[in-house]
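Okay, structure first, notes after.
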Amino acid sequence: MCGIIGYTGVKPVCPILLGGLRALEYRGYDSAGIALSGCTLATVKRAGRISVLEEALAAGAAGEKVESACCGIGHTRWATHGAPTDENAHPHATPRLALVHNGIIENDRALRRELEAAGYTFVSETDTESAAKLLDSIYGACGDPVAAMLGLDGRLSGAYALAVIFADRPHEIYAIRRDSPLIAAQSPDGVLLASDIPAILPYTRSYYRPDEGEVVRLRADGITFFDANGEKTHPLCTVNWDVEEAERGGYSHFMRKELGEAPEGVRRTLSPLIRDGLPHFGMPLLDDLHEKKGMRIVACGTAMHAGLIGRTYLERLARLPVAVEIASEFRYRDPIISADEPVLLLSQSGETADTLAALRLAKANGVPTAAIVNVIGSSVAREADAVMATHAGPEIAVASTKAYTTQAAMLALLAVSTAYARGLIDEQEARARTDALCRRLPEALEETIAREAELEAFAARLAEAEHVFYIGRGVDYDACVEGSLKLKEISYIHSEAYAAGELKHGTISLIEPGVPVLAVSTDPAVAAKVASNMREVRARGGEIIAFCTPATEADIAPNADFCMVLDENDTTLAPLCAVSALHLLAYHVARLRGCDIDKPRNLAKSVTVE
Ligand code: AGP
């Protein structure tokens, strides 16, 4: 997604803007630009990486302002309307103002027609230019930045975080958000605006989050929030990450670092939820889940995959019916939902547009909502009736790894809590399972990740593949779905996950000599069946790489060309070890293919548009 940075204070603004944009690069982008304040605004923007913008500035594109300006805004754009070109890059400016935008203006076409009829001309294909020209018109009529921003908010529909500097208001920045993240922060040398926390970390770890539709004014003397009724105040939030944590920590990629942090993330996530050796979520909606007739988990991508394995845990142990929904489908299919079936949203960023919309749909229908997010203070966290934090730490790589594992671990604990409350397991078993999740799971994950050399060898067999298939049954199919996505999104190899028993109903026609098939089998109850499916694949020349446990090894290993025996038999923990292995495998395949692992093409860390 797009990145926004703004600063006004006593220090030269250019280095701060460029550093902030670099801190936001992980969000995915294809162009970048800055605007510098003063009686005439200097706007410099270029398609491509931030280095292209830096070269333009070094060549004098901003004139003498590049040294003297102390107020400005910056932007990295992830294209939604129009190709990545200089013209389509932000900021979009008029003689009165410069504006940057994260999100999507849905009534862009109507606004553009209205503005053209009023005499405005357009130079870009973007929806953002309509917002800039509309603000220009409103501000030209009223002359008051706060009123103009509120007026703009009343005319736009869609999701947006906007930052603006006005030519006649040097040293001031104005912003407004609706369904798109934005934070404001005070530092010793000035005030900052950003779309995400890493951009402010070098200056401060405290920040404010404006509410939807509030105008934020940043001046050297501080930060002020306004709504239609006047000034507002907000509590100060504090980042519990430090800069080092948000850096790579010596790893070549954020993904490899974060994948290795999954075990500690599980420890940090679960320990606050344990009281006297038993699960205690401390919120009625979840502590009383046993009284509900069911639950719906709604999420996107990898978060949805965590929901899949969570469903297996909850249905298998707690006998709680759980439906898992893709948020972008849920929000438009007019779902039949009711108050006695709470909706649980899973989201690492807490800003995914479809997940946020699903949350709002559930609330609008009177359905209790809970959220599991990794970013405290995010939109999903603020709007859900109840929120639980995964303490995975900052997840910078676009490919989500530790967030998945901590989400799944939390759902496994919820299954124990609910099963115990329903009397399906006794206290002794509840304690044993809780201890296994809090103590043994992180250890088992560390042991799996330590076997990296084996996974690198497997990766070498996949690096040249055109198609890779993943097969498993039950919870292992849930693991395959996540493993397949991870391979696709960072190595660009086509991959499909299949319920092992389903392969013979069509897709097996694609299996020909040399096609790699990854088989995951951690459940002894169906290992023999999976072994049979593996034989069907091998009979057609497919090459099997298997992941099994000591309990399934006898069935699985003889039917595999290559096999990794995970050192864990517990049928709750072992699938998560398998996923960690598949995450690490995908990482090494992408590394061997020379892919941009942390910033895969076409992807963004937080998809804040539909
Ligand atoms: C994960 O590897 C992907 N980058 C993507 O599927 C992601 O999980 C999805 O966009 C949901 O993001 P969220 O967890 O921040 O809501």
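For ligands, and for the atoms within them, numbers begin at 1 and follow the listed sequence. In this text, all values refer to a predicted model and were calculated from it rather than measured experimentally.
- With atom 10 (O) of ligand 1 as the reference point, the heavy atom nearest to it among Val380, Val607, Thr355 is part of Val607.
- With contacts defined as side-chain heavy-atom distances shorter than 4.5 Å, the pair Lys605/Ser400 qualifies.
- Under a 4.0 Å heavy-atom criterion, Val398 is in contact with ligand 1.
- Remark: ligand 1 atoms within the under-4.0 Å shell around heavy atoms of Ala399 are 2 (O).
- For the pair Glu489 and ligand 1, the shortest N or O to N or O distance falls below 3.5 Å.
- Those atoms of ligand 1 with a heavy atom of Ala303 less than 4.0 angstrom away are 8 (O), 14 (O).
- Of all the listed residues (Thr302, Leu356, Asn374), Thr302 holds the heavy atom that lies closest to atom 1 (C) of ligand 1.
- With Glu325 as the fixed residue, the salt bridge (Lys or Arg N to Asp or Glu O under 4.0 Å) test singles out one of Arg331, Arg311, Arg333: Arg333.
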Trace of the salt bridge (Lys or Arg N to Asp or Glu O under 4.0 Å) decision for Lys402 with Glu264: CA-CA 9 Å; Lys402 60 181 180 176; Glu264 187 53 30; over 6 Å; no
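- If you check which protein heavy atom lies closest to atom 14 (O) of ligand 1, you get Gln348 N, 2.7 Å.
- Among protein heavy atoms, the minimum distance from atom 11 (C) of ligand 1 is reached at Cys300 O, 3.5 Å.
- Checked against side chain to side chain contact (heavy atoms under 4.5 Å, CB included), Tyr203 has the following partners two or more places apart in sequence or in another chain: Ile16, Ser187, Leu192.
- Salt-bridge check for Arg451 with Glu447: failed, with every basic side-chain N at 4.0 Å or more from each acidic carboxylate O.
- The protein non-hydrogen atom at the shortest distance from atom 15 (O) of ligand 1 is Ser349 OG, 2.7 Å.
- Between the CZ atom of Arg360 and the CG atom of Leu345 there is a distance of 11.0 Å, given to the nearest 0.5 Å.
- At the top of the distance list for atom 12 (O) of ligand 1, counting protein heavy atoms only, stands Thr352 OG1, 3.5 Å.
- Close approach of ligand 1 to Ser400 is summarised as follows: ligand atoms under 4.0 Å from at least one heavy atom of the residue are 1 (C), 2 (O).
- Contact between Lys486 and ligand 1 is present, with at least one heavy atom of the residue lying under 4.0 Å from the ligand.
- In this structure, OG1 in Thr572 is found 12.0 Å from CG in Leu411, a value given to the nearest 0.5 Å.
- Annotation: ring-ring contact (aromatic ring centres under 6.0 Å, His included) contacts involving residues 359-403, sequence neighbours excluded, are absent.
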